[in-house]
Amino acid sequence: MTRITFIEADGTTIEAMAKPGMSVMQVAVNAGIAAIAAECGGACACGTCHCYVAEDWADKITPAGEDEADMLDFVIDPTATSRLSCQIAVTPEMDGLVIHIPSSQT
Amino acid sequence: MHAPAFDPLSESFARNPYAAYAQLRDLTEPFYYADVDSWMLTKAADVEAVALNKTMLRSRDHLLSEADRKAEQRKMNWHDMPHHERFVQTNLLESEGETHARLRKLVFREFTAAMIARQRATIQAFVDHLLDELNACDTFDFVEDFAAHVPGHIIGRVIGVPDADCPQLRIWSEQVVRFFNVGCDDTDKQVAEQATKEFYEYLLTLVEARRKAPAEDLMSRMVEHRDAGRMTEDELVATTMLILMAGHGSTIDVLGSGMHALLRFPDQHQKLREDPGLINLAVQEMFRFESPLPYFHRFATEETEVGGRVFPAGTRFGLLYGAANRDPARFDNADRFDVTRSPNRHIAFGGGTHFCLGNHLARLDMDVIFTTLNQRFACIELVREPIYKPGLSVRGPVSLDIAVRRR
């Protein structure tokens, strides 16, 4: 199991355990994080599972593919570490990953 | 357990489809509905799994031989209607893979939350204008006198259709869309074909107008895409038609059923009045509670297990979003309308790559409308119980007579 820490916009911290192969979006949804709307369910088609990967983790996970990069052009308040959480597959190496959650996706 | 009687054209189904959906949901396996040769899925987990399964396709035309495609078309009675085949049976929604991704990308920008937010002032001005015109009325039909005018006007603005033409576009849209409901006949077919032809001829003149004089609208940008070879002229016409059709009916339906829900659950309406900041949650709950497009389909392209049964490639599944959104396994008190429900992971906008392109626009229309109604009217009451449209493909009241008291 891989431990992921989500920090919501108001500072609330939620720790969740993830199985390899799950997406970070699925882990967040299962943990009840409402601000990860993930409306399309993980098809890279809506841009509502936007998250910020903690800076010290940004270089350690597989970078965004072309479809994800296109979609990131449309999210609210993007930064250099913006990702779509549905496109990040959990691996054992991600144990301890920290993800910051935007206040809203729309 | 015996298969229950399932009659989506019946009066009782129009009155309360959720009782029938609950019966289907209680079956141990999906229900085969012979009328549309489909296995109906009603559990949220099954519907979501199929919507998100990349081997399940909305359209499989590109996988069929020409002869099989023609046979399939004839089975659905979608043959011998050249304009409908060219612009309605072939479009962004009915495409898959590279074509779908390319077309969706070309128009996605216009429908993002940030771009749609720019329409707020336009929507507000139009809603205020309509309500000013109704100022002398203490009772009116919320659907036909008010709600029906808003979505088409706003989507028309986004595309770049002159305001005066929007009512005609609504007529064509409804005539084309009606043909997709269960129980339609050859008369509906002729009407749908004629409407598509006229719609096409109208759009050709608009394309030419924008080519000569580009404006800040979606049509002008699509003409640019067309002239740069990123989409064909047929794709441009079909995409515009799809956006116009999708932008009309379903939002009108959910405005009507959403208003009805507020009147059926006055404690929830009161909560929204006391805290207008709940509007986003309230609108999402309206989509969950009375999903305006309750039925879509997918084809299996390989053998797949769904809902505890293995189905062969080629199986057609009915995704009953309206049933999934009332599944007690997913939603607490699923039959209760709750404007504070959060998270509210409904599937009214579909899922996967075909996820509703216009969801932000529909939600913004509703946000402005219900917020404005609550500001203007101290009291809104139901005059009589509405009758809902028959059938499986759409859900919304035909009319909704309300009495209002101004502040």
Side-chain angles (χ1 to χ4, degrees), chain A residues 6 8-10 12 14 16 21-51 64-79 82-90 99 101-106, chain B residues 44-45 47-54 56 58 92 96 98 100-102 104-117 277 279-281 283-284 287-288 319 321 324 330 340-364 367:
Chain A
F6 295 97
E8 294 188 288
D10 66 358
T12 306
I14 296 168
M22 288 175 81
S23 71
V24 170
M25 177 276 281
Q26 287 168 324
V27 181
V29 166
N30 290 350
I33 298 173
I36 293 294
E39 288 171 336
C40 79
C44 201
C46 71
T48 62
C49 65
H50 174 213
C51 69
E66 189 187 338
D67 287 348
E68 183 186 347
D70 283 348
M71 194 60 74
L72 283 167
D73 286 345
F74 303 123
V75 301
I76 308 285
D77 299 331
T79 71
S82 283
R83 291 295 303 267
L84 293 185
S85 55
C86 76
Q87 300 300 305
I88 306 174
V90 174
I99 297 285
I101 307 292
S103 59
S104 165
Q105 302 283 349
T106 56
Chain B
V47 170
E48 196 170 75
V50 168
L52 293 176
N53 184 333
K54 287 180 181 159
M56 297 279 186
R58 159 87 189 181
L92 172 63
E96 296 289 351
E98 185 280 327
H100 177 266
R102 173 174 53 83
R104 188 172 168 108
K105 210 176 272 185
L106 290 178
V107 294
F108 185 82
R109 175 181 293 274
E110 313 301 322
F111 292 95
T112 55
M115 289 295 276
I116 290 303
I279 188 65
N280 284 333
L281 293 182
V283 165
Q284 291 283 16
F287 273 98
R288 183 195 72 85
L319 278 59
Y321 296 151
R330 170 68 59 92
T340 65
R341 194 181 289 275
S342 176
N344 187 351
R345 300 195 185 280
H346 66 74
I347 192 168
F349 296 120
T353 56
H354 291 289
F355 179 77
C356 176
L357 185 65
N359 78 90
H360 295 298
L361 184 54
R363 283 156 52 187
L364 186 59
D367 169 338

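In this text, all values refer to a predicted model and were calculated from it rather than measured experimentally. Letters A, B, ... are given to chains in the order of the sequence lines, protein chains preceding strands, and every chain is numbered from 1.
Taking A/Gly47, A/Ala34, A/Gly32 one by one and counting their heavy-atom pairs under 4.5 Å with chain B, the maximum is reached by A/Ala34.
Nearest heavy atoms, B/Phe111 versus B/Gly358: CD2-CA, 4.2 Å.
Within the 4.5 angstrom heavy-atom criterion, no atom of B/Lys54 approaches chain A. Heavy atoms closer than 4.5 Å to chain B are found nowhere in A/Ala35, neither backbone nor side chain. Contacts of B/Asn359 with chain A are made by side-chain atoms alone, with heavy-atom separations under 4.5 Å and no backbone atom involved. Of the atoms belonging to B/Arg104, it is side-chain heavy atoms, and not backbone ones, that fall under 4.5 Å from chain A. Residue A/Val75: no heavy atom, backbone or side chain, is found under 4.5 Å from chain B.
Using a 4.0 Å cut-off between a side-chain N of Lys or Arg and a carboxylate O of Asp or Glu, A/Glu68 and A/Arg83 qualify as a salt bridge. For B/Arg345 and B/Glu48, the salt-bridge test fails: no basic side-chain N is under 4.0 Å from an acidic carboxylate O.
The closest side-chain donor-acceptor pair between B/His360 and B/Thr112, if any, does not fall under 3.5 angstrom.
Between B/Phe108 and A/Phe74, the two ring planes are tilted [angle within 30° to 60°].
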